[in-house]
J.: 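Below you will find the structure I want to go over with you.
Predicted model, so just to flag it, every value in this text is computed and none were measured.
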Amino acid sequence: MTNLGFDQERKNAQDNFRVLYICSAARCGSTLTDMFMGGHSQAASLGEINYIGKAISINEECSCGDKLYACAQWRKIFNVIRSSRGIDMTEDPYAFRLWDAVAHNKIDHQQQTRAHLAAVTLRKIWMEGRNHLPSNLRKCLPIPPTLSNALYNKMDLYRAISHCWGKSVIVDSSKDFREAVELYQRWPDVIKVLLVTRDGRGVYLSRRSSGRSQSESVSGWLKYYRRALPLLEKYIDPCNLLKIRYEDLASDPEKIGRTLCDFVDISFEPLMLDLAQSTRHLVGGNNTRYFPKKGIRLDERWQTDLHGAELDFFERVGRDMNHRLGYIAR
């Protein structure tokens, strides 16, 4: 097990924070939810932090507008890692290893090679097979060492952020439900898991509008919830697993905001309703993170724009899952 060099008393104090780990399929509102919670004075909004190495390597911007390597808030974290681990993330971005994250946009081809992707695939197969075992056997089968080390690195990263940024809630929208389960099983008093869902018809239209094929536009959403729902429900205690709908957050953000704040034991702050009032430091996620002034807006264009053969295709493929998530036919 690795750590950032905190003495034991200080390290225990840092574990008074909570982590809100957001799970969702792509285009289901995880970035919006992350930003919304990050507007709270006690919350740190991280985005899809597992991409931090890539973001530094290809010179991406923090959501504050500065290059990530130059962001004053992130430099505090980089300095802690350099002084305690001897790792300079600005010089060697991938040395501080986090959970596997495969990029589909803005790819760092020097890192994300065929050999790297093959190794990630093998680890995913191992994890998938492990999760299909009976619980007693699953406990006897360890996760790959690379992923085990990544979990402890992630928790140490949370500790450093809580300490350096002075926050009691860390919001991580990395979305990997397998990581969420493993983090929770190791730190059940710290990790809270949030599952965000969205009507599959909205996801389907969004992806179709980006030029994806019919099957591509529904397959990612469908596969994600088919795998995530049973795993989260089986291994996360109900008191530490919350499910919300994107549509509910966008329609009544104060109501859902109060629910979310209660979930992580902080008081709701009305300023959260204005995304533009707070500067956040998200890594990864969609481009919404750069435009907080757009605010919280409900996107249900599918109700007018999805019809005919397109709607019929979705209904054939995704209707059952949509019903399982609580969405009914129009």
J.: Does Arg130 reach the main-chain N or O of Leu141 with its side chain, forming a donor-acceptor pair under 3.5 Å?
T.: yes
J.: State whether a side-chain donor-acceptor pair under 3.5 Å links Ser174 with Asp176.
T.: no
J.: Keeping His40 on the side-chain end and Ser267 on the backbone end, is there a donor-acceptor pair under 3.5 Å?
T.: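 Yes, His40 side chain to Ser267 backbone: donor-acceptor pair under 3.5 Å.
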J.: Search all heavy atoms of Phe96 against all heavy atoms of Asn153 and return the closest pair with its distance.
T.: CZ-O, 3.4 Å
J.: For the residue pair Trp99 and Glu179, what are the closest heavy atoms and their distance?
T.: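 In terms of heavy atoms, the two residues are closest at CB-OE2, 3.4 Å.
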J.: Show the numbers, then the answer: is there a side-chain hydrogen bond (donor to acceptor under 3.5 Å, both in side chains) between Ser41 and Glu269?
T.: CA-CA 8 Å; Ser41 62; Glu269 294 179 349; 2.6 Å; yes
J.: Could you walk me through whether Asn322 and Arg319 pass the side-chain hydrogen bond (donor to acceptor under 3.5 Å, both in side chains) check?
T.: CA-CA 5 Å; Asn322 228 24; Arg319 180 180 57 190; over 6 Å; no
J.: Flag the pair Glu128 and Lys124 as a salt bridge only when some basic side-chain nitrogen lies within less than 4.0 angstrom of an acidic carboxylate oxygen.
T.: no
J.: Looking at every heavy atom in both Thr279 and Cys64, which two are closest together, and how far apart are they?
T.: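 Looking at all heavy atoms of both residues, the closest pair is CG2-CB, 3.8 Å.
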J.: Hey, is the main chain of His281 close enough, under 3.5 Å, to the side chain of Trp74 for a donor-acceptor pair?
T.: yes
J.: Could you tell me if Glu60 and Tyr51 have a donor-acceptor pair between their side chains, going purely by distance under 3.5 Å?
T.: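 There is no such pair (donor and acceptor under 3.5 Å, judged by atom type) between the side chains of Tyr51 and Glu60.
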J.: Given the side-chain rings of Tyr224 and Phe177, with only the six-membered ring counted for Trp, is the space between their centroids under 6.0 Å?
T.: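 Centroid separation for Tyr224 and Phe177: below 6.0 Å.
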J.: Taking Ser83 for its side chain and Val80 for its backbone only, find out whether a donor-acceptor pair lies under 3.5 Å.
T.: yes
J.: Look up atom CD1 in Ile87 and atom OH in Tyr94, then write down how far apart they are to the nearest 0.5 Å.
T.: 14.5 Å
J.: Quick one: do Lys243 and Glu233 make a salt bridge, cutoff under 4.0 Å?
T.: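 Glu233 and Lys243: salt-bridged.
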J.: Looking at Glu182 and Lys154, is any side-chain nitrogen of the basic one under 4.0 Å from a carboxylate oxygen of the acidic one?
T.: no
J.: Give me the atom names and distance for the closest heavy-atom approach of Leu68 to Ile56.
T.: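 Shortest heavy-atom contact: CD2-CG1, 3.6 Å.
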J.: Could you check whether any side-chain N or O of Arg289 sits under 3.5 Å from a backbone N or O of Gly284, counting only pairs where one atom can act as donor and the other as acceptor?
T.: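 Side chain of Arg289 to backbone of Gly284: a pair is present.
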J.: Is there a donor-acceptor pair under 3.5 Å between the side chain of Lys67 and the backbone N or O of Asn59?
T.: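 At least one qualifying donor-acceptor pair exists.
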J.: Looking at His116, Arg178, Arg123, which one forms a side chain to side chain donor-acceptor pair (under 3.5 Å) with Asp100?
T.: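 Output: one option passes, namely Arg123.
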J.: Side-chain heavy atoms nearer than 4.5 Å, only ILVMFWY residues, links allowed to pass through others: does that put Met37 and Leu241 together?
T.: no
J.: Looking at Ile170, is its backbone amide N or carbonyl O close enough to the side chain of Arg18 to form a donor-acceptor pair, meaning the two atoms are under 3.5 Å apart?
T.: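 No.
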J.: Give a yes or no on whether the ring-centroid distance for Trp221 and Phe314 is below 6.0 angstrom.
T.: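 Trp221 vs Phe314: aromatic centres under 6.0 Å.
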J.: Ignoring hydrogens and angles, tell me if any N or O in the side chain of Ser45 forms a donor-acceptor pair with the backbone of Asp34 under 3.5 Å.
T.: yes
J.: Given 3.5 Å as the limit, does a donor-acceptor pair link the side chain of Ser63 with the main chain of Tyr290, or not?
T.: no
J.: Just by distance, do the side chain of Ser162 and the backbone of Lys167 share a donor-acceptor pair under 3.5 Å?
T.: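 Pair found, side chain donor or acceptor close to backbone of Lys167.
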J.: Do NZ/NE/NH1/NH2 and the carboxylate oxygens of Asp299 and Arg198 come within less than 4.0 Å?
T.: yes
J.: In terms of side-chain geometry, is the basic nitrogen of Glu216 or Arg207 positioned less than 4.0 Å from the acidic oxygen of its partner?
T.: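 No salt bridge links Glu216 with Arg207.
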J.: Test of understanding: clusters of I, L, V, M, F, W, Y form through side-chain heavy atoms closer than 4.5 Å, transitively. Do Val171 and Ile191 belong to the same one?
T.: no
J.: Leu195 and Tyr184: same hydrophobic cluster, using ILVMFWY side-chain contacts below 4.5 Å?
T.: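 Hydrophobic grouping puts Leu195 with Tyr184.
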